[in-house]
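Let me begin by presenting the structure, written as structure tokens, before commenting on it.
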Amino acid sequence: MDIKFNGKAESGRTNLNQTIFNDFQNQNQAGLTIQVAPQGVRSLEEYHTASKEFIETTLKTLKINPIKEPLFFRKEWYKYHSFDISQFESNDDIVEVSLLRLWLSLTVQELPIHLSNLKTLSSYEVYLDSAKQQVVFLLYWDKITRPQILDKHYKQDIEREIGVFQSMSSEPWEYEPALSGVRFKLPLGVDDETDVKLVPTFLISYPIHNTLFGYATRHEIVQQSSLHPVYKVNLVESAKSNAFRVFKPSYECQLRFDVDLTVDIIVDKYQLGNIRNGPFTNFSIFDDEKMDLELPSYRIDSAGSSLSLILNSTDVLEKSGFEIPLHYRYGEPNSKGVKSIGFTKGNLYWDCPIDEDKKKVKVEESFVNDRQNKLGYERFAENSRLFYFADLDRSNYIALSTPVGNTNDMFVVELVTLSSVVLSLFYLAKKLFF
Amino acid sequence: MSKLLTKLPHLSTSTIIITSFLLRLGFLLFGLYQDKYMALPYTDIDYFVFTDASKFVYQSLSPYLRATYRYTPLLSWLLYPTALEDDAFGLPIPHAVWFEFGKLVFVFCDLITGILILKLLKKLGGDLRLSLLWFWNPMVITISTRGSSESLMTCVVLLMMWFIVDNQWSLAGIVLGLGVHLKIYPLIYLPAVLLVIDPHKVWWKCPISLNRLKFVGSAVIIYSALTWTMYSIYGQEFLDEAYLYHLVRLDHRHNFSVYNVGLYFTSFTGHSSLKFLQEHYLKIEQLAFIPQLSLSIVLIPLGVIDQNSTTLYQDLLNSFFIQTFTFITYNKVCTSQYFIWFLCLLPNYLASTSISGLTGLVLVLGWVVTQGLWLLYGYKLEFLGESGIFAYGIWSSSLVFFLWNVVVIGSLIKDQKQRHKQLQQDHHKTE
């Protein structure tokens with residue numbers, strides 16, 4: 001899709017060559033001007049449909065309703081649309097929300113305006129100054145002659161991608177940002193003649209893997225030097241405000257913990273099963289052969305085992321974590337008498353079921369994933385959504401060490417053992433018969 | 001020890017049994033409390049192995065689905081009630097109570113062992129107070145109330161001994177067959193028993209007699225019947241887990257045995273570090289059976305049992321004691337549970353010993369101290385993870401323990417020699 005900039009200027013206003021969105025109230029064309037020339041479709045009919053959908057979506061994204069039907073302008077492969085902001089019920093909200101969104105997407109900074117001023121803002125302009133390598137916002141208030149100018153300089157070439165998406169979610173803490181919209185890059189030297197390609201984008205409104213906010217984990221090994229260490233997963237609050245601290249995403253979620261262990265380390269499933277009133281409501285251990293706790297690691301013909309726990313979330317929250325008893329197998333003797341071992345930290349997460357109805361709604365409301373299911377939505381269909389607790393430490397590996405036999409001692413051990421046994425046999429035989 | 005015990009007042013048999021029962025009941029109840037409220041559980045880890053196996057049997061599955069269950073299925077059948085659910089058979093008994101059934105069985109066997117010790121002491125003229133070494137021994141009480149199955153074996157061995165003393169050879173054979181099916185080690189008693197059956201038929205001149213055939217025959221029949229039954233139900237897995245595993249096991253953890261660290265090394269390298277063994281493709285553990293079996297099965301009975309003795313059954317009991325002690329000393333695996341196997345024979349051994357109190361005390365103290373030394377290094381390794389401790393720590397302390405045990409065996413053999421000498425002298429005097 002192409003977009004052409006509508007650089008309309010009025011007296012007393014900055015001559016704008018590179019306006020992206022123009023919210024001038026005094027242009028009598030308040031609102032957005034979007035010109036769309038969709039490409040990458042197979043027929044004129046599809047172009048028509050795609051561009052119409054794109055405009056509707058963009059407007060929805062900024063919560064602006066169109067007052068005119070899109071036009072097929074000049075028989076060109078694009079759509080032009082404008083709207084009158086005064087027709088809307090909450091034009092103030094439209095201005096401030098769209099400003100906020102654009103500002104954040106271009107600068108990734110807090111908007112340096114008081115909220116009270118923001119609410120009385122009448123219009124704004126945004127333009128890219130490629131020569132000065134900056135993006136500029138001009139903010140206008142009624143009865144104030146001069147605009148407030150906010151700008152951000154870029155050291156490197158300005159190439160920022162802006163996405164305009166329609167979000168189904170209305171609550172800020174919801175984990176389901178169903179997003180359909182367009183993305184476009186803003187290259188250098190943008191002017192009236194420059195085409196900016198709009199890429200229709202469907203962010204799957206069904207993220208499988210999410211990070212839980214408000215809580216995180218810290219992993220440690222207790223009794224590290226012993227052959228029976230304890231793997232402790234601590235639950236810590238990572239959000240300062242209670243408002244953002246949500247422990248359980250929804251009622252039906254199950255708290256789970258998965259960890260893969262190397263062959264040097266065992267979890268005794270019978271020991272876990274005998275932990276009464278503990279944090280585990282159920283667990284399973286996957287290993288390639290029967291759990292022989294007595295065998296040394298070099299006599300095990302597998303890569304290790306995997307432990308999957310279903311946790312009692314009340315118990316875990318109350319005790320701020322949980323513990324898993326581990327055991328080391330005897331390792332390969334070497335000349336140092338110590339062996340380095342370790343394992344990748346486990347993942348603590350909520351496993352939340354998704355019902356079919358929710359999935360269906362998301363698909364239908366997405367303008368990109370149309371009826372022909374071009375993106376193959378079913379690839380992403382899962383029965384669960386997972387919410388992970390982030391780990392506060394950077395490393396995802398737990399390094400350990402265990403004592404092993406020293407091969408330098410083998411000869412002495414064998415020789416003295418054999419000699420002692422043989423001599424004792426003669427000693428006792430003599431006692432018995434002589 | 002006998003002299004120490006003679007300072008105790010005489011107690012009636014019923015008093016001994018009742019107090020012993022109450023002691024065991026107290027330990028059981030405390031164990032339930034400890035399991036529920038304390039971090040360190042009272043119940044033996046093996047008890048969970050047995051009861052898990054019984055759960056599988058309850059579901060008409062193989063007990064060998066339980067990893068590390070390396071016993072006869074008979075044991076899991078015996079503990080079948082531990083798998084019963086709440087209100088089974090319409091009885092208002094919760095599963096938690098049924099679960100403790102196995103411990104009650106073991107405590108019962110423990111008490112039967114004690115009763116058999118009493119009966120043997122009575123029969124062979126020993127001081128009944130010696131039975132307190134079993135009845136009131138906290139180690140014995142702890143082992144059975146924690147759910148260890150060793151009292152089953154002690155019960156079987158002493159029952160066999162009782163039938164022998166009563167000259168009931170077939171019954172003795174049946175019990176031996178059962179014992180060998182439960183655990184292999186009672187087989188070591190077979191040659192010794194043959195020496196006391198028809199002693200007038202000296203073994204190298206006339207090895208076969210009807211009574212000996214009765215004994216061996218009944219043992220073989222019962223062993224074969226039980227083993228064949230289990231094999232027909234559970235197949236090769238039964239043989240692999242219950243018997244063959246014990247020939248190739250690599251228990252070098254929690255192990256007093258002098259071979260344990262050597263086994264650890266050779267299990268990794270695949271060969272001995274000693275050239276003369278390497279050249280013949282031999283490893284020490286393959287040769288370990290030679291001193292163990294030659295001593296415990298052949299040499300000790302021949303050296304300790306005098307077929308002309310007037311106290312033949314006492315000789316047999318003494319031989320059992322020394323054989324068992326020796327078998328454990330030279331075994332590739334040596335854990336505290338095994339000590340019960342000879343502890344049940346100790347009261348009857350002491351009934352005829354001439355070892356002085358001081359010597360006995362030194363021997364016992366040395367045995368305890370050398371064990372303690374190993375336990376210290378075992379603790380350092382397992383719970384403190386100290387390195388460099390395998391050879392000069394674990395192995396060296398197990399070597400010291402082994403050598404002290406050899407000293408103990410030597411003292412016991414000397415004790416029996418002196419006893420025979422004394423008996424001969426007394427016999428000559430009466431003549």
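Side-chain atoms are counted along with the backbone in the values below, which use heavy atoms only and exclude waters and symmetry mates. Quick note on labels: first sequence line is chain A, next is B, and so on, each numbered from 1. Since we're looking at a predicted model, the values are computed, not measured.
How far CG of B/L302 is from CZ of A/F433: 5.5 Å, rounded to the nearest 0.5 Å. Separation of atoms CG (A/N334) and CZ (B/F268) is listed at 8.0 Å; rounding is to 0.5 Å. Annotation: the span from A/L432 atom CG to B/K414 atom NZ amounts to 14.0 Å, rounded to 0.5 Å. Distance CG/B/L403 to OG/A/S424: 7.5 Å, rounded to 0.5 Å. Atom NZ of A/K431 and atom CD1 of B/I409 lie 12.0 Å apart (nearest 0.5 Å).
For A/Y397, the OH atom sits in a packed shell: over 12 heavy atoms of surrounding residues, nucleotides or ligands are nearer than 6.0 Å. Residue-environment remark: OH (B/Y281) stays at or below the threshold of 12 foreign heavy atoms within 6.0 Å.
Contact check for A/L425 versus B/L295: side-chain heavy atoms found under the 4.5 Å cut-off. A 4.5 Å side-chain heavy-atom check between A/S420 and B/V258 finds every atom pair outside the cut-off.
Of the two parts of B/Y379, neither the backbone nor the side chain holds a non-hydrogen atom closer than 4.5 Å to a non-hydrogen atom of chain A. Contact of B/S398 with chain A is not made at all, since no heavy-atom distance falls under 4.5 Å. Heavy atoms closer than 4.5 Å to chain B are found in both the backbone and the side chain of A/V404. At a 4.5 Å heavy-atom cutoff, the contact between B/L399 and chain A is made by side-chain atoms alone. Heavy atoms closer than 4.5 Å to chain A are found in the side chain of B/L277, but not in its backbone. Looking at B/Q416, neither its backbone nor its side chain comes within 4.5 Å of chain A, counting heavy atoms on both sides. In this structure, the portions of B/L381 lying under 4.5 Å from any heavy atom of chain A include both its backbone and its side chain.
Of all heavy-atom pairs spanning A/P403 and B/S387, the tightest one is CB-CA, 3.7 Å. Closest non-hydrogen pair, A/Y330 versus B/E382, comes out as OH-OE2, 3.9 Å. When all heavy atoms are compared, the tightest approach of A/S226 to B/F383 is CB-O, 3.1 Å.
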Return all side-chain donor-acceptor pairs below 3.5 angstrom for residues 408-418 of chain A, not counting sequence neighbours, or 'none' if the list is empty.
| residue | atom | partner | partner atom | Å |
| --- | --- | --- | --- | --- |
| A/N408 | ND2 | A/N406 | OD1 | 3.1 |
| A/E414 | OE1 | B/S272 | OG | 3.2 |
| A/E414 | OE1 | B/S273 | N | 2.5 |
| A/E414 | OE1 | B/S273 | OG | 2.7 |
| A/E414 | OE2 | B/S272 | OG | 3.1 |
| A/T417 | OG1 | A/V413 | O | 2.6 |
| A/T417 | OG1 | B/W395 | NE1 | 2.9 |

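Contact count versus chain A (heavy atoms, under 4.5 Å) is highest, among B/P41, B/G262, B/G303, B/S294, for B/G303. Contact tally against chain A (heavy-atom pairs below 4.5 Å) for B/I45, B/L287, B/V304, B/I300: the top residue is B/I300. The greatest number of non-hydrogen atom pairs below 4.5 Å with chain A, out of B/Y330, B/F390, B/F402, is found for B/F390. The greatest number of non-hydrogen atom pairs below 4.5 Å with chain B, out of A/G337, A/P229, A/P333, is found for A/P333.
Judged purely by distance below 3.5 Å, without hydrogens or angles, the side chains of B/S267 and A/Y298 pair a donor atom with an acceptor atom.
With hydrogens and angles disregarded, a donor-acceptor distance shorter than 3.5 Å links the side chain of B/Y264 to the backbone of A/G405.
Judged as a side chain to side chain donor-acceptor pair (under 3.5 Å), and not counting sequence neighbours, B/Y377 has no contacts.
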